[in-house]
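One structure below.
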Amino acid sequence: MAELHETRLTLRFFGDDLDPDEVTARLGLPPSVGVRKGGIWRTRNGTEKVARTGSWRLEAEDRTPGDLDGQISELLGALNDNLSVWQELTARFEADIFCGLFMREGNEGISLHPDTMMKLGKRNLSLDFDLYGPD
């Protein structure tokens with residue numbers, strides 16, 4: 001199996017009553033995108049959108065070749081490691097780590113180290129994968 005070409009990763013929290021400033025205060029780092037329900041935010045290409053729900057999203061640097069373990073470790077390592085804070089936030093809001101997986105050719109793959117999976121589990125975070133095949 002060939003190494004995955006590129007990975008993009010975003011830690012995401014969503015909720016109608018989500019206040020991005022509160023999540024920032026709890027986790028210790030400002031988001032890449034933070035917006036209250038009904039607020040305006042911009043996509044990567046600059047398109048303005050109205051938020052259907054509140055969100056707090058922190059993007060990791062894209063990796064080529066793909067490296068989910070490294071991205072997850074860097075992202076979580078920069079944030080508050082108090083697990084009770086994570087448990088409170090994930091109980092109140094929908095939370096996950098979005099992973100964009102980009103292949104250059106067929107049969108590319110990636111795996112996660114058990115330590116990475118344990119970090120995610122302790123924080124009650126699921127992984128959401130979007131797979132992009134070669135053109």
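Using a 4.5 Å heavy-atom threshold, the side chains of R36 and D19 count as touching. Side-chain contact check for F102 versus L131: every heavy-atom pair is 4.5 Å or farther apart. Proximity of L125 to T90: side-chain heavy atoms (C-beta onward) are separated by under 4.5 Å at one or more points. Residues R26 and N80 form no side-chain contact, since every pair of their non-hydrogen atoms from C-beta on lies 4.5 Å or further apart. Using a 4.5 Å heavy-atom threshold, the side chains of F129 and L68 count as touching. The shortest side-chain heavy-atom distance between V23 and L18 falls under the 4.5 Å cut-off. At least one side-chain heavy atom of R63 sits less than 4.5 Å from a side-chain heavy atom of E74. Between I72 and D69 the shortest side-chain heavy-atom distance does not fall below 4.5 Å.
Checking side-chain atoms of N107 against main-chain N and O of G109 turns up no donor-acceptor pair under 3.5 Å. No donor-acceptor pair closer than 3.5 Å links the side chain of R92 to the backbone N or O of E88. In this structure, the side chain of W56 does not engage the main chain of S32 through any donor-acceptor pair within 3.5 Å. Between the side chain of E108 and the backbone N or O of H5, at least one donor-acceptor pair lies under 3.5 Å. At least one donor-acceptor pair closer than 3.5 Å links the side chain of Q71 to the backbone N or O of E61.
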*Please assess F93 against T53 for the test side-chain contact (heavy atoms from CB on, under 4.5 Å), listing each intermediate value before the final yes or no.*
CA-CA 11 Å; F93 306 117; T53 191; over 6 Å; no
*Audit row: L27, V85, side-chain contact (heavy atoms from CB on, under 4.5 Å) steps and yes/no*: CA-CA 8 Å; L27 293 181; V85 169; 4.3 Å; yes
_Set out, in order, the CA-CA distance, both residues' side-chain angles and the distance that settles side-chain contact (heavy atoms from CB on, under 4.5 Å) for E6 and D62, then state yes or no._
CA-CA 7 Å; E6 181 181 354; D62 298 349; 3.8 Å; yes
*Hey, mind stepping through K49 and T43 against side-chain contact (heavy atoms from CB on, under 4.5 Å) and telling me if it holds?*
CA-CA 7 Å; K49 299 245 182 183; T43 65; 3.7 Å; yes
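R12 and T10 form no side-chain donor-acceptor contact under 3.5 Å, judged by distance and modelled atom types alone.
Put simply, L89 and L79 are part of the same group of oily side chains (I, L, V, M, F, W, Y) that touch within less than 4.5 Å, one to the next.
Ion pairing between R8 and E59 fails under the 4.0 Å rule for side-chain N and carboxylate O.
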